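What you see below is based on every heavy atom in this structure, not just the backbone, and it leaves out hydrogens, waters and symmetry mates. All residue numbers refer to positions in the sequence shown, counting from 1. None of these values were measured; they are calculated from a predicted model.
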Amino acid sequence: MSMKNQTLVSEIFLLGFQNLHIFKIPLFSLFLLIYIMIIWENVLIIVLVSSSRYLQSPMYFFLQQLSACDFLQSTIIVPILLQTVINEGATLYFVDCLVQLYFISLTEAFECFLLAVMSYDRYVAICIPLRYSSIMSHRVCVTLIFVSWLFSLIGVLVIAKIMATLQFCDQNTINHFFCDLFPIVELSCSDTYLVHINIMLQSIPVIFIPFILITVSYMCIAHAILKIVSNTGRQKAFSTCSSHLTVVSIFYGTLTAIYVAPPRKESQTISKVLSLLYTVVTPLVNPLIYSLRSKDIRDVLQRILNRLHQAPSGQIY
(Lines give C-alpha, C1' and ligand atoms only; values in the text may rest on other atoms or scores of the structure.)
Protein backbone atom coordinates (compact mmCIF):
# COMPACT_ATOMS: atom_id res chain seq x y z
CA MET A 1 0.00 0.00 0.00
CA SER A 2 1.31 3.43 -0.86
CA MET A 3 2.04 5.92 1.91
CA LYS A 4 -0.45 8.31 0.32
CA ASN A 5 -3.39 6.12 1.27
CA GLN A 6 -1.93 4.61 4.45
CA THR A 7 -4.04 5.33 7.53
CA LEU A 8 -2.23 5.12 10.88
CA VAL A 9 -5.21 6.23 12.97
CA SER A 10 -7.42 3.36 14.11
CA GLU A 11 -9.71 5.18 16.56
CA ILE A 12 -11.27 8.63 16.79
CA PHE A 13 -12.09 10.35 20.07
CA LEU A 14 -14.98 12.84 20.00
CA LEU A 15 -14.67 15.50 22.69
CA GLY A 16 -18.31 16.57 22.49
CA PHE A 17 -19.26 19.23 25.04
CA GLN A 18 -16.53 19.53 27.66
CA ASN A 19 -16.67 20.78 31.27
CA LEU A 20 -20.43 20.39 31.66
CA HIS A 21 -20.16 19.49 35.37
CA ILE A 22 -23.59 19.91 37.00
CA PHE A 23 -25.24 20.48 33.59
CA LYS A 24 -24.30 17.02 32.30
CA ILE A 25 -27.41 15.17 33.51
CA PRO A 26 -29.89 17.97 32.61
CA LEU A 27 -28.37 18.32 29.14
CA PHE A 28 -28.39 14.56 28.61
CA SER A 29 -32.04 14.42 29.69
CA LEU A 30 -32.92 17.31 27.36
CA PHE A 31 -31.26 15.71 24.33
CA LEU A 32 -32.82 12.33 25.14
CA LEU A 33 -36.28 13.92 25.37
CA ILE A 34 -35.72 15.73 22.07
CA TYR A 35 -34.56 12.49 20.45
CA ILE A 36 -37.67 10.63 21.66
CA MET A 37 -39.85 13.43 20.29
CA ILE A 38 -38.02 13.37 16.94
CA ILE A 39 -38.53 9.61 16.62
CA TRP A 40 -42.20 9.81 17.69
CA GLU A 41 -43.08 12.72 15.40
CA ASN A 42 -41.38 11.40 12.28
CA VAL A 43 -42.51 7.79 12.70
CA LEU A 44 -46.05 9.10 13.20
CA ILE A 45 -45.90 11.01 9.90
CA ILE A 46 -44.43 8.03 8.03
CA VAL A 47 -47.11 5.65 9.35
CA LEU A 48 -50.01 8.06 8.78
CA VAL A 49 -49.06 8.83 5.18
CA SER A 50 -48.39 5.16 4.42
CA SER A 51 -51.67 3.88 5.83
CA SER A 52 -54.24 6.65 5.31
CA ARG A 53 -56.09 7.03 2.02
CA TYR A 54 -56.71 10.68 2.89
CA LEU A 55 -52.98 11.54 2.74
CA GLN A 56 -52.03 10.35 -0.73
CA SER A 57 -51.31 13.70 -2.40
CA PRO A 58 -47.78 14.55 -3.63
CA MET A 59 -47.30 17.00 -0.76
CA TYR A 60 -47.72 14.29 1.87
CA PHE A 61 -45.56 11.89 -0.12
CA PHE A 62 -42.72 14.44 0.05
CA LEU A 63 -43.41 15.10 3.75
CA GLN A 64 -43.11 11.37 4.36
CA GLN A 65 -39.71 11.39 2.63
CA LEU A 66 -38.65 14.36 4.75
CA SER A 67 -39.66 12.54 7.94
CA ALA A 68 -37.74 9.43 6.85
CA CYS A 69 -34.67 11.58 6.17
CA ASP A 70 -34.92 13.37 9.55
CA PHE A 71 -35.44 10.03 11.31
CA LEU A 72 -32.34 8.58 9.66
CA GLN A 73 -30.16 11.61 10.33
CA SER A 74 -31.12 11.93 14.01
CA THR A 75 -30.60 8.18 14.55
CA ILE A 76 -27.10 8.49 13.11
CA ILE A 77 -26.11 11.52 15.21
CA VAL A 78 -28.07 11.80 18.48
CA PRO A 79 -27.01 8.47 20.12
CA ILE A 80 -23.35 9.51 19.72
CA LEU A 81 -24.25 12.99 21.01
CA LEU A 82 -25.82 11.44 24.13
CA GLN A 83 -22.72 9.32 24.66
CA THR A 84 -20.40 12.34 24.43
CA VAL A 85 -22.54 14.24 26.95
CA ILE A 86 -22.84 11.53 29.60
CA ASN A 87 -19.25 10.24 29.24
CA GLU A 88 -17.65 13.60 28.35
CA GLY A 89 -16.48 12.10 25.08
CA ALA A 90 -16.88 9.05 22.85
CA THR A 91 -14.49 6.72 21.07
CA LEU A 92 -15.24 5.39 17.56
CA TYR A 93 -13.26 3.23 15.20
CA PHE A 94 -11.90 5.33 12.35
CA VAL A 95 -13.91 3.30 9.82
CA ASP A 96 -17.11 3.81 11.86
CA CYS A 97 -16.39 7.54 11.94
CA LEU A 98 -16.10 7.63 8.15
CA VAL A 99 -19.32 5.62 7.77
CA GLN A 100 -21.12 8.13 10.01
CA LEU A 101 -19.71 10.99 7.94
CA TYR A 102 -20.92 9.43 4.68
CA PHE A 103 -24.44 8.75 5.96
CA ILE A 104 -24.72 12.25 7.44
CA SER A 105 -23.54 13.76 4.15
CA LEU A 106 -26.08 11.61 2.29
CA THR A 107 -29.04 12.76 4.41
CA GLU A 108 -27.93 16.41 4.41
CA ALA A 109 -27.62 16.51 0.63
CA PHE A 110 -30.92 14.69 0.16
CA GLU A 111 -32.73 17.15 2.42
CA CYS A 112 -31.29 20.07 0.43
CA PHE A 113 -32.68 18.62 -2.80
CA LEU A 114 -35.95 17.52 -1.17
CA LEU A 115 -36.71 20.98 0.22
CA ALA A 116 -36.26 22.36 -3.31
CA VAL A 117 -38.62 19.69 -4.69
CA MET A 118 -41.20 20.51 -1.99
CA SER A 119 -41.05 24.22 -2.78
CA TYR A 120 -41.60 23.43 -6.48
CA ASP A 121 -44.58 21.27 -5.53
CA ARG A 122 -46.12 24.16 -3.58
CA TYR A 123 -45.38 26.54 -6.49
CA VAL A 124 -47.28 24.30 -8.92
CA ALA A 125 -50.14 23.80 -6.44
CA ILE A 126 -50.63 27.53 -5.81
CA CYS A 127 -49.56 29.15 -9.09
CA ILE A 128 -50.71 26.49 -11.61
CA PRO A 129 -53.52 24.69 -9.74
CA LEU A 130 -55.40 23.51 -12.85
CA ARG A 131 -52.36 21.57 -14.11
CA TYR A 132 -51.21 20.33 -10.71
CA SER A 133 -52.44 16.74 -11.10
CA SER A 134 -50.87 16.31 -14.52
CA ILE A 135 -47.54 17.95 -13.61
CA MET A 136 -47.08 16.33 -10.19
CA SER A 137 -48.16 12.80 -11.08
CA HIS A 138 -47.08 9.89 -8.88
CA ARG A 139 -44.49 8.87 -11.47
CA VAL A 140 -43.00 12.37 -11.49
CA CYS A 141 -42.89 12.46 -7.69
CA VAL A 142 -41.11 9.11 -7.46
CA THR A 143 -38.67 10.21 -10.16
CA LEU A 144 -37.87 13.44 -8.30
CA ILE A 145 -37.17 11.49 -5.09
CA PHE A 146 -35.03 8.96 -6.96
CA VAL A 147 -33.02 11.72 -8.64
CA SER A 148 -32.55 13.49 -5.28
CA TRP A 149 -31.16 10.33 -3.68
CA LEU A 150 -28.99 9.71 -6.76
CA PHE A 151 -27.45 13.19 -6.69
CA SER A 152 -26.93 12.85 -2.92
CA LEU A 153 -25.15 9.54 -3.42
CA ILE A 154 -22.92 11.09 -6.08
CA GLY A 155 -22.02 13.83 -3.60
CA VAL A 156 -21.09 11.22 -0.99
CA LEU A 157 -18.92 9.38 -3.52
CA VAL A 158 -17.10 12.64 -4.22
CA ILE A 159 -16.47 13.08 -0.48
CA ALA A 160 -15.25 9.47 -0.25
CA LYS A 161 -12.84 10.11 -3.11
CA ILE A 162 -11.58 13.24 -1.33
CA MET A 163 -11.03 11.33 1.93
CA ALA A 164 -9.13 8.59 0.06
CA THR A 165 -6.50 11.13 -0.98
CA LEU A 166 -5.71 12.10 2.64
CA GLN A 167 -3.19 10.55 4.98
CA PHE A 168 -3.99 10.37 8.70
CA CYS A 169 -1.09 10.11 11.12
CA ASP A 170 -1.09 10.46 14.89
CA GLN A 171 -3.88 12.97 15.63
CA ASN A 172 -7.17 11.30 16.56
CA THR A 173 -9.11 13.84 18.67
CA ILE A 174 -12.07 15.73 17.18
CA ASN A 175 -13.55 18.67 19.04
CA HIS A 176 -17.11 17.87 18.01
CA PHE A 177 -20.02 15.61 18.96
CA PHE A 178 -20.09 13.69 15.67
CA CYS A 179 -17.76 12.93 12.76
CA ASP A 180 -18.25 16.01 10.60
CA LEU A 181 -16.37 16.70 7.40
CA PHE A 182 -14.05 19.59 8.27
CA PRO A 183 -13.04 18.27 11.74
CA ILE A 184 -11.98 14.98 10.11
CA VAL A 185 -10.11 16.79 7.33
CA GLU A 186 -8.27 18.84 9.96
CA LEU A 187 -6.86 15.60 11.44
CA SER A 188 -5.05 14.86 8.20
CA CYS A 189 -1.31 15.37 7.96
CA SER A 190 -1.67 15.95 4.19
CA ASP A 191 -2.07 19.29 2.44
CA THR A 192 -5.82 20.03 2.61
CA TYR A 193 -5.96 23.26 0.57
CA LEU A 194 -7.37 21.59 -2.55
CA VAL A 195 -9.73 19.55 -0.37
CA HIS A 196 -11.30 22.73 1.02
CA ILE A 197 -11.62 24.15 -2.50
CA ASN A 198 -13.35 20.97 -3.72
CA ILE A 199 -15.77 21.00 -0.77
CA MET A 200 -16.72 24.63 -1.39
CA LEU A 201 -17.23 23.93 -5.12
CA GLN A 202 -19.44 20.96 -4.26
CA SER A 203 -21.57 23.19 -2.03
CA ILE A 204 -22.74 25.11 -5.15
CA PRO A 205 -24.94 22.33 -6.63
CA VAL A 206 -25.88 20.88 -3.21
CA ILE A 207 -26.63 24.02 -1.18
CA PHE A 208 -26.82 27.17 -3.31
CA ILE A 209 -28.71 25.96 -6.38
CA PRO A 210 -31.52 24.31 -4.33
CA PHE A 211 -31.71 27.41 -2.11
CA ILE A 212 -32.04 29.66 -5.18
CA LEU A 213 -34.81 27.41 -6.55
CA ILE A 214 -36.61 27.58 -3.19
CA THR A 215 -36.29 31.36 -3.06
CA VAL A 216 -37.62 31.81 -6.62
CA SER A 217 -40.50 29.39 -5.95
CA TYR A 218 -41.59 31.23 -2.82
CA MET A 219 -41.27 34.61 -4.54
CA CYS A 220 -43.71 33.35 -7.19
CA ILE A 221 -45.95 31.94 -4.46
CA ALA A 222 -45.89 35.27 -2.61
CA HIS A 223 -46.84 37.08 -5.81
CA ALA A 224 -49.79 34.69 -6.26
CA ILE A 225 -50.84 35.10 -2.62
CA LEU A 226 -50.99 38.88 -3.00
CA LYS A 227 -53.72 38.36 -5.60
CA ILE A 228 -55.95 36.54 -3.07
CA VAL A 229 -58.98 38.69 -2.37
CA SER A 230 -59.79 37.27 1.07
CA ASN A 231 -57.71 38.79 3.89
CA THR A 232 -58.12 35.62 5.94
CA GLY A 233 -56.90 33.41 3.11
CA ARG A 234 -53.99 35.73 2.39
CA GLN A 235 -52.91 35.81 6.06
CA LYS A 236 -53.17 32.01 6.35
CA ALA A 237 -51.09 31.50 3.20
CA PHE A 238 -48.44 34.00 4.32
CA SER A 239 -48.31 32.36 7.77
CA THR A 240 -47.69 28.95 6.19
CA CYS A 241 -45.05 30.24 3.77
CA SER A 242 -43.23 32.25 6.45
CA SER A 243 -43.00 29.22 8.75
CA HIS A 244 -41.66 27.09 5.89
CA LEU A 245 -39.11 29.74 4.97
CA THR A 246 -38.01 29.98 8.61
CA VAL A 247 -37.15 26.27 8.68
CA VAL A 248 -35.45 26.48 5.28
CA SER A 249 -33.41 29.51 6.36
CA ILE A 250 -32.22 27.79 9.53
CA PHE A 251 -31.23 24.65 7.64
CA TYR A 252 -29.46 26.29 4.70
CA GLY A 253 -28.03 29.10 6.84
CA THR A 254 -26.31 26.70 9.22
CA LEU A 255 -25.04 24.51 6.37
CA THR A 256 -23.57 27.58 4.68
CA ALA A 257 -21.95 28.77 7.90
CA ILE A 258 -20.40 25.35 8.56
CA TYR A 259 -19.38 24.10 5.10
CA VAL A 260 -18.92 27.25 3.02
CA ALA A 261 -17.49 29.59 5.68
CA PRO A 262 -16.40 27.17 8.42
CA PRO A 263 -15.54 28.64 11.85
CA ARG A 264 -11.91 28.82 12.89
CA LYS A 265 -10.48 26.26 15.27
CA GLU A 266 -10.87 28.66 18.19
CA SER A 267 -14.60 28.98 17.38
CA GLN A 268 -15.47 25.29 17.70
CA THR A 269 -18.20 26.07 20.24
CA ILE A 270 -19.99 28.13 17.60
CA SER A 271 -19.62 25.26 15.13
CA LYS A 272 -21.17 22.83 17.64
CA VAL A 273 -24.12 25.12 18.32
CA LEU A 274 -24.71 25.60 14.58
CA SER A 275 -24.52 21.85 14.08
CA LEU A 276 -27.13 21.33 16.78
CA LEU A 277 -29.51 23.58 14.82
CA TYR A 278 -29.60 21.40 11.71
CA THR A 279 -28.96 17.98 13.27
CA VAL A 280 -31.28 18.20 16.30
CA VAL A 281 -33.52 21.27 16.13
CA THR A 282 -34.50 20.97 12.45
CA PRO A 283 -35.62 17.29 12.66
CA LEU A 284 -37.65 18.26 15.73
CA VAL A 285 -39.48 21.22 14.20
CA ASN A 286 -39.90 19.91 10.63
CA PRO A 287 -42.88 17.67 11.50
CA LEU A 288 -44.46 20.50 13.53
CA ILE A 289 -44.04 23.10 10.79
CA TYR A 290 -44.71 21.01 7.70
CA SER A 291 -46.97 18.17 8.81
CA LEU A 292 -48.67 18.35 12.21
CA ARG A 293 -50.05 21.84 11.47
CA SER A 294 -51.85 20.39 8.45
CA LYS A 295 -55.62 20.15 8.82
CA ASP A 296 -55.66 16.88 6.85
CA ILE A 297 -53.22 15.21 9.23
CA ARG A 298 -55.03 16.54 12.29
CA ASP A 299 -58.32 15.22 10.87
CA VAL A 300 -56.79 11.76 10.31
CA LEU A 301 -55.43 11.74 13.86
CA GLN A 302 -58.80 12.80 15.23
CA ARG A 303 -60.50 10.09 13.18
CA ILE A 304 -58.10 7.49 14.57
CA LEU A 305 -58.66 8.65 18.15
CA ASN A 306 -62.42 8.55 17.69
CA ARG A 307 -62.30 5.04 16.25
CA LEU A 308 -60.03 3.85 19.05
CA HIS A 309 -62.36 5.38 21.62
CA GLN A 310 -65.46 3.79 20.09
CA ALA A 311 -64.03 0.39 19.08
CA PRO A 312 -60.42 -0.23 20.10
CA SER A 313 -60.20 -3.49 18.18
CA GLY A 314 -62.05 -2.25 15.09
CA GLN A 315 -60.88 -0.99 11.77
CA ILE A 316 -59.17 2.42 12.03
CA TYR A 317 -59.35 3.55 8.40
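For Q302 and N306, the side-chain atoms include at least one donor-acceptor pair closer than 3.5 Å. Looking at Y278 and E111, their side chains never bring a donor and an acceptor atom within 3.5 Å of each other.
Transitive grouping of hydrophobic side chains (ILVMFWY, heavy atoms separated by less than 4.5 Å) keeps L15 and F177 in distinct clusters. In this structure, L114 is a member of the same hydrophobic cluster as V147, with clusters built from ILVMFWY side-chain heavy atoms closer than 4.5 Å. Both V142 and I135 are part of a single hydrophobic cluster, where members link through side-chain heavy atoms under 4.5 Å apart. In the hydrophobic cluster analysis, where Ile, Leu, Val, Met, Phe, Trp and Tyr join through side-chain heavy atoms closer than 4.5 angstrom, V248 is grouped apart from I212. Using a 4.5 Å cut-off between side-chain heavy atoms of Ile, Leu, Val, Met, Phe, Trp and Tyr, with links allowed through other members, V124 and L130 fall into different hydrophobic clusters.
Annotation: F28, atom CZ; neighbour count of heavy atoms from other residues, nucleotides and ligands within 6.0 Å is above 12. Heavy atoms of other residues, nucleotides or ligands lying less than 6.0 angstrom from CZ of F13 number more than 12.
Panel note: side chain N198, backbone L194; a donor-acceptor pair is recorded below 3.5 Å. Under a 3.5 Å cut-off, the side chain of S119 and the backbone N or O of A116 do form a donor-acceptor pair. Formation of a donor-acceptor pair under 3.5 Å by the E88 side chain with backbone atoms of T84 is not found in this model. Between the side chain of S188 and the backbone N or O of F168, no donor-acceptor pair lies under 3.5 Å. Between the side chain of S152 and the backbone N or O of F110, at least one donor-acceptor pair lies under 3.5 Å. Looking at D191, its side chain does come within 3.5 Å of a backbone N or O of Y193 through a donor-acceptor pair. Of the possible donor and acceptor atoms, one in the side chain of T282 sits under 3.5 Å from a partner among the backbone N and O of L277.
From S29, atom OG reaches atom CG of L82 across 9.5 Å, with rounding to the nearest 0.5 Å. Note that the CG atom of L98 and the CG atom of L92 stand 10.5 Å from one another [nearest 0.5 Å]. Atom-to-atom distance recorded for I126:CD1 and D121:CG is 9.5 Å, nearest 0.5 angstrom. For the atom pair I258 CD1 and L274 CG, the distance stands at 5.0 Å (nearest 0.5 Å). Rounded to the nearest 0.5 Å, atoms CE (M59) and CZ (R122) are 5.0 Å apart. The distance from atom CG of L106 to atom CG of L157, rounded to the nearest 0.5 Å, is 9.5 Å.
For S74 against P79, the heavy-atom pair with the smallest separation is O-CD, 3.5 Å. Contact record, P205 with I209: CA-CD1, 3.8 Å, taken as the closest heavy-atom pair. Shortest non-hydrogen contact noted between E11 and N172 is O-CB, 3.1 Å. Nearest approach of M136 to C141, heavy atoms of both residues: O-SG, 3.9 Å. The heavy-atom pair separating I159 from Q202 by the smallest distance is CG1-OE1, 4.0 Å. Summarising the geometry of I25 relative to I86, their closest heavy-atom pair is CD1-CD1, 3.7 Å, with the distance given to 0.1 Å.
For the pair P183 and N175, the minimum side-chain heavy-atom distance is 4.5 Å or more. The side-chain heavy atoms of Y290 and I45, taken from C-beta on, include no pair separated by under 4.5 Å. Here the side chains of Y35 and V280 are not in contact, with every heavy-atom distance at 4.5 Å or above. Taking 4.5 Å as the limit, every side-chain heavy atom of I184 sits out of range of all side-chain heavy atoms of F182. The shortest side-chain heavy-atom distance between Y54 and R303 falls under the 4.5 Å cut-off. Side-chain contact check for Y120 versus V117: every heavy-atom pair is 4.5 Å or farther apart. Side-chain contact check for T192 versus E186: every heavy-atom pair is 4.5 Å or farther apart. By the 4.5 Å heavy-atom criterion applied to side chains, T254 and S275 are not counted as neighbours.
A tilted orientation is assigned to the rings of Y252 and F211, their planes being inclined by 30° to 60°.
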For residues 61-72, which side-chain N or O atoms pair as donor and acceptor with protein atoms under 3.5 Å away, sequence neighbours left out?
from : atom 1 : to   : atom 2 : distance (Å)
Q64  : NE2    : I46  : O      : 3.2
Q64  : NE2    : S50  : OG     : 2.5
S67  : OG     : N42  : OD1    : 3.4
S67  : OG     : L63  : O      : 3.2
D70  : OD2    : N286 : ND2    : 2.9

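When the salt bridge (Lys or Arg N to Asp or Glu O under 4.0 Å) test is applied to D299, the partners found at least two apart in sequence or on another chain are K295.
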Before you tell me yes or no, could you show the steps for L181 and L101 under side-chain contact (heavy atoms from CB on, under 4.5 Å), namely the whole-Å CA-CA distance, both residues' side-chain angles and the distance that decides it to 0.1 Å? CA-CA 7 Å; L181 181 57; L101 168 65; 3.9 Å; yes

Apply the test side-chain contact (heavy atoms from CB on, under 4.5 Å) to residues Q171 and C189: give CA-CA distance (whole Å), side-chain angles for both, the deciding distance (0.1 Å), then the verdict. CA-CA 8 Å; Q171 298 185 54; C189 47; over 6 Å; no

Evaluate L81 against L276 for side-chain contact (heavy atoms from CB on, under 4.5 Å), listing each step before the verdict. CA-CA 10 Å; L81 167 62; L276 281 175; 4.1 Å; yes

Should I76 and F178 be marked as a side-chain contact (heavy atoms from CB on, under 4.5 Å) after you check the CA-CA gap, both sets of side-chain angles, and the distance that decides it? CA-CA 9 Å; I76 295 168; F178 67 95; over 6 Å; no

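For K272 and F17, the positive end sits near the middle of the six-membered ring, less than 6.0 Å away and at most 45° from its axis.
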